[in-house]
Novice: 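Below you will find the structure I want to go over with you.
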Amino acid sequence: MGKLLSNTCQRWLMCEPIGIRSWPSCLPSQSQKIVVADLFLCGSYLTKIKPKRIRETVENAGFQVEGYPEQEIEVCRLKIKGMACTSCSESVERALLVADGVKKAVVGLSLEEAKVHFDPNVTNPSKIIEAVEDSGFEADLINPGNDVNKVHLKLDGVHSLEDVSTIRIALELAVGVNHVDIDMEGKKTTVSYDPDVTGPRSLIKCIREASVGVTCYDASLYVPPRQRDLDHWNEIQMYRNQFLWSCLFSAPVFVFSMVLPMLPPYGDWLDYRIHNMLTIGMLLRCILCAPVQFVIGRRFYIGAYHALRRKSANMDVLVAVGTNAAYLYSLYILFKALTSNDFEGQDFFETSAMLISFILLGKYLEIVAKGKTSDALAKLSELAPDTACLVTIDGNGNVTSETEISTQLIQRNDLFKIVPGEKVPVDGIVIDGQSYVNESMITGEAVPVAKRPSDKVIGGTVNENGCIIVKATHVGSETALSQIVQLVEAAQLARAPVQKLADQISRFFVPTVVAAAFITWLAWFVTGVAGVYPKHWIPKAMDKFELALQFGISVVVVACPCALGLATPTAVMVATGKGASLGVLIKGGSALQKAHKVKAVVFDKTGTLTVGKPVVVNAVLFSGVTLEELCNMTIAIEANSEHPLAKAVGAHAKTLRKKHQSLADHVEDAKDFEVHPGAGVGGKVGDKIVLVGNKRLLQVYNVPINDEIKEYISKTENLARTCVLVAIDGKVGGAFSVTDPVKPEAARVVRFLQSMGISSIMVTGDNWGTATAIAREVGINQVFAETDPIGKAEKIKEIQMKGVTVAMVGDGINDSPALVAADVGMAIGAGTNVAIEAADIVLIKSNLEDVVTAIDLSRKTMSKIRLNYVWALGYNVLAMPIAAGILFPFTGIRLPPWVAGACMAASSVSVVCSSLLLQSYKKPLNVERI
């Protein structure tokens with residue numbers, strides 16, 4: 001949106017009272033663009049600040065702004081209810097785009113949300129909601145910054161409207177409060193506030209201070225259920241109940257029409273005539289089918305109505321046309337039998353009822369699977385601990401009190417203590433103590449980072465060892481974790497424009513079939529009235545109109561699009577089941593459809609290409625120190641450290657000691673143990689001073705490092721390994737070479753992907769030396785190193801801008817933004833739950849060979865889906881002319897509606913059988929090794 005801003009411009013914006021509360025902490029200074037307009041204009045200050053004000057502020061600071069839009073644009077988010085398929089989301093998107101004042105609209109099916117850019121001078125959120133509702137879907141406005149700077153409190157002591165008024169006035173008069181909403185019945189309040197000015201604890205204190213006389217008020221933190229989860233559960237229950245009710249009526253219809261007539265004498269009673277040719281079986285089928293057609297199937301009529309209003313045709317239109325053709329023809333047969341003594345005809349009530357039942361079953365299964373896509377957001381939010389230890393410090397720096405509070409009650413500038421093993425609740429700065437913090441969820445680096453006073457810590461990271469006091473600097477939406485959550489949510493909303501083949505065909509298929517049926521009826525009726533064909537062509541008990549009508553209905557029934565609806569889901573069902581048995585969990589047809597186009601696979605390094613656990617691969621001795629002495633000193637010192645490298649070195653030293661059958665049973669404990677953050681550890685073992693760490697630690701203590709040791713360090717680092725030195729009494733006694741080994745199948749997978757025409761790329765938070773060495777070992781040529789989670793997502797987008805379909809393979813929380821930004825996200829099964837939930841495909845066995853399996857299975861499945869459409873349409877294309885009576889003048893062959901229904905069923909059976917062939921799929925790499 002504008003040129004890069006210097007730190008001076010950043011401070012100018014931060015100091016201006018225009019609603020910008022903080023500069024995004026995750027953005028490095030060299031990339032500080034005016035992105036705050038995008039991040040915070042959608043926040044709780046939308047009504048307070050306009051883009052024009054930001055432009056004026058920047059220009060007043062002496063900087064130029066380019067790309068400023070002359071037209072004022074605002075953004076709102078909507079919750080969309082009732083979307084069940086890609087066609088639904090496309091319908092909503094089209095309805096929004098044609099609305100006055102809407103400039104851009106993106107609808108996310110998995111999130112069931114829409115992000116709309118609009119001109120506030122032309123329209124407003126209320127009119128946008130009306131546009132969505134006119135398209136046949138429900139919509140609710142999601143307030144900008146919803147739940148970001150809000151706190152939900154449970155009220156105590158509220159018994160009357162006077163109490164509610166007292167609390168409302170007290171809160172509204174409080175500094176920093178933007179909006180107060182009180183639920184009298186539930187005794188709950190929701191308060192929007194400015195985190196720079198106040199916070200949850202201050203608001204609770206304000207409520208308590210509002211107490212008057214004997215009337216005491218109190219408040220406690222309240223966590224409301226997620227509306228998205230509640231809506232999803234209700235939708236699942238709705239489809240489940242509709243399917244069960246449908247089966248209650250459809251099953252008897254099927255038995256009366258298909259089963260009992262084949263089992264005489266048990267079905268003879270169904271042929272008992274009530275009046276003329278009307279039988280008990282026909283009447284029962286009509287009565288049982290009516291609720292399914294018009295009550296349970298009502299949603300298809302509504303969907304078809306709204307689709308036709310938009311001059312489009314979706315699957316609801318196809319279902320409505322097919323079931324009504326069968327049902328209305330069956331009604332015609334029923335009334336004909338009721339009024340004729342010699343009419344013989346076959347009704348198709350079971351076709352209508354069973355078709356609706358199976359479609360509802362498919363909808364139920366689809367909505368259950370779709371709900372998993374949004375769980376990643378909840379799991380990301382759960383990374384922060386539930387509680388924190390709030391402390392107060394006197395003027396001498398001594399802790400005077402400790403209080404355990406909820407993490408959601410932390411306010412800016414609070415001080416909290418973090419002991420080893422605990423998570424950091426919010427972003428902050430260390431003011432006392434030192435430790436190692438595992439930041440792999442943010443940086444991707446498996447090795448914990450040393451933290452000293454003035455160092456920053458990130459919410460959700462884990463304190464490995466040492467007690468630290470931290471001052472909160474970023475809370476709520478400003479934390480790095482919250483920004484990652486927002487990025488994942490935005491990436492999920494920005495879906496790829498993939499359109500299902502069935503919806504593409506249905507746009508012209510339905511009008512073509514209806515037109516063909518009408519032309520067929522009209523042609524036979526006109527030629528019959530004109531006497532073009534002889535009267536003996538007309539069957540007994542029929543006239544010219546009825547013969548023409550039967551030809552027309554046969555065309556509609558034979559072209560029933562139910563096979564089109566089965567073409568994709570049956571193939572997806574078989575493929576996902578087969579994939580799961582092979583260790584590849586594919587989350588639905590969308591992932592399959594996108595994966596077959598992949599031309600580049602981006603791999604994370606730690607835990608994906610590598611095992612993710614440091615191990616010692618080599619140990620050497622220097623200065624004449626014995627192996628037993630080196631192991632004893634190392635074990636004694638490393639026993640006090642929780643660092644992963646220390647654990648790996650200590651474990652290896654114990655193994656060496658045991659292997660060489662040391663005579664000593666006990667290792668002396670270390671004294672005066674000291675941690676040197678970022679360098680190593682030291683202490684005294686017996687009368688010897690021992691240091692274990694890197695070269696920098698030894699240089700601090702003036703331990704000489706000769707050329708032999710320097711050469712060993714250089715060789716170790718060139719192999720992407722970490723060199724851990726052990727100094728005893730001022731001399732280097734030995735060294736350990738530590739590495740994170742590459743997975744044995746990694747190189748083979750990269751080669752096979754190349755043979756498939758797919759390039760491999762590595763992106764990691766590790767240093768360039770390690771990344772380059774690992775890439776060289778596995779055969780990857782393109783590497784991006786020292787990249788944070790947001791940077792990973794940006795790299796994905798850069799590749800996508802070149803027109804390449806990208807798959808991302810990762811295992812950590814830090815990979816989740818990239819996983820959802822990629823066209824296809826693949827998560828290692830041994831990785832974090834967040835990565836697994838954010839991905840489209842999960843490699844259950846954590847084997848990289850399954851990356852090849854997933855892509856190859858996707859390609860095979862898409863080929864099978866195309867073949868299914870050939871089967872589905874092929875029957876219709878061949879049968880429609882026959883149903884229209886093209887052979888009747890020459891051979892007397894006529895395709896009655898019941899035969900047309902058989903053809904329709906045959907096309908469905910062929911599609912299912914074609915999909916079942918995917919059960920024979922074999923893993924390509926396994927075949928190669930055989």
Side-chain angles (χ1 to χ4, degrees), residues 42 46 71-144 146 227-228 231-232 234-235 238-239 298-321 363 366-367 370 373-374 489-490 492-511 561 565 590:
C42 298
L46 180 62
Q71 190 177 39
E72 189 176 350
I73 300 296
E74 292 185 0
V75 180
C76 71
R77 293 172 59 203
L78 303 177
K79 174 70 176 179
I80 310 296
K81 298 180 181 179
M83 295 191 301
C85 63
T86 305
S87 178
C88 296
S89 60
E90 290 173 354
S91 298
V92 175
E93 196 166 297
R94 286 195 298 270
L96 288 170
L97 291 174
V98 299
D100 293 336
V102 174
K103 303 302 177 183
K104 180 182 177 182
V106 179
V107 179
L109 180 62
S110 59
L111 289 178
E112 296 184 335
E113 292 180 6
K115 185 177 182 180
V116 184
H117 300 248
F118 64 95
D119 184 352
N121 298 317
V122 179
T123 188
N124 55 52
S126 298
K127 293 181 180 179
I128 294 174
I129 291 175
E130 289 179 4
V132 175
E133 292 175 343
D134 288 341
S135 67
F137 300 91
E138 297 180 24
D140 295 320
L141 177 65
I142 301 177
N143 291 327
N146 189 39
Q227 187 62 37
R228 184 180 300 162
D231 292 341
H232 178 64
N234 290 335
E235 195 171 10
M238 180 193 69
Y239 278 113
R298 177 174 174 267
R299 63 178 309 276
F300 298 113
Y301 288 96
I302 296 174
Y305 166 73
H306 288 292
L308 294 175
R309 277 187 56 194
R310 298 187 301 268
K311 298 180 181 179
S312 64
N314 58 8
M315 293 302 292
D316 287 335
V317 174
L318 301 178
V319 173
V321 170
K363 293 289 186 182
E366 179 183 349
I367 203 68
K370 190 179 71 174
T373 58
S374 60
E489 188 173 27
Q492 286 186 345
L493 187 60
R495 61 176 177 82
V498 178
Q499 194 170 21
K500 292 184 178 180
L501 187 57
D503 291 321
Q504 293 175 338
I505 296 173
S506 67
R507 291 180 182 178
F508 62 85
F509 182 78
V510 174
S590 178

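As the structure is a computational prediction, the values presented were derived from the model and not from experiment.
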Novice: Taking the side chain as C-beta and beyond, is there a heavy-atom pair between Lys115 and Val75 under 4.5 Å?
Specialist: yes

Novice: Asp119 vs Lys103, test: side-chain contact (heavy atoms from CB on, under 4.5 Å). Steps then yes/no.
Specialist: CA-CA 7 Å; Asp119 184 352; Lys103 303 302 177 183; 4.1 Å; yes

Novice: Out of curiosity, Asn121 CG to Glu74 CD, how far, rounded to the nearest 0.5 Å?
Specialist: 8.5 Å

Novice: Give the minimum heavy-atom separation between Leu97 and Ala105, together with the two atoms involved.
Specialist: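 Heavy atoms only, the tightest pair is CD2-N, 3.7 Å.
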
Novice: Are there more than 12 heavy atoms of other residues, nucleotides or ligands under 6.0 Å from atom CG of Asn124?
Specialist: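 Yes, because the 6.0 Å sphere around CG of Asn124 holds more than 12 heavy atoms from other groups.
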
Novice: At their closest point, which heavy atom of Phe137 faces which heavy atom of Val92, and how far apart are they?
Specialist: CD1-CG2, 3.5 Å

Novice: Taking all non-hydrogen atoms of both residues, which atom of Thr123 and which atom of Asp100 are closest, and how far apart?
Specialist: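 Where Thr123 meets Asp100 most closely, the heavy atoms are CB-O, 3.4 Å.
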
Novice: Do you know the tightest heavy-atom contact between Ala139 and Val132?
Specialist: CB-CG1, 3.7 Å

Novice: Could you report the tightest heavy-atom contact between Ala131 and Ala99, atom names first, then the distance?
Specialist: CB-CB, 4.1 Å

Novice: If I take atom CD1 from residue Ile80 and atom CG from residue Asp140, how far apart are they, to the nearest 0.5 angstrom?
Specialist: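 Nearest 0.5 Å value for the CD1-CG distance: 8.5 Å.
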
Novice: Which heavy-atom pair separates Cys76 from Ile128 by the least distance, and what is that distance?
Specialist: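 Scanning both residues, the minimum pair turns out to be SG-CD1, 4.1 Å.
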
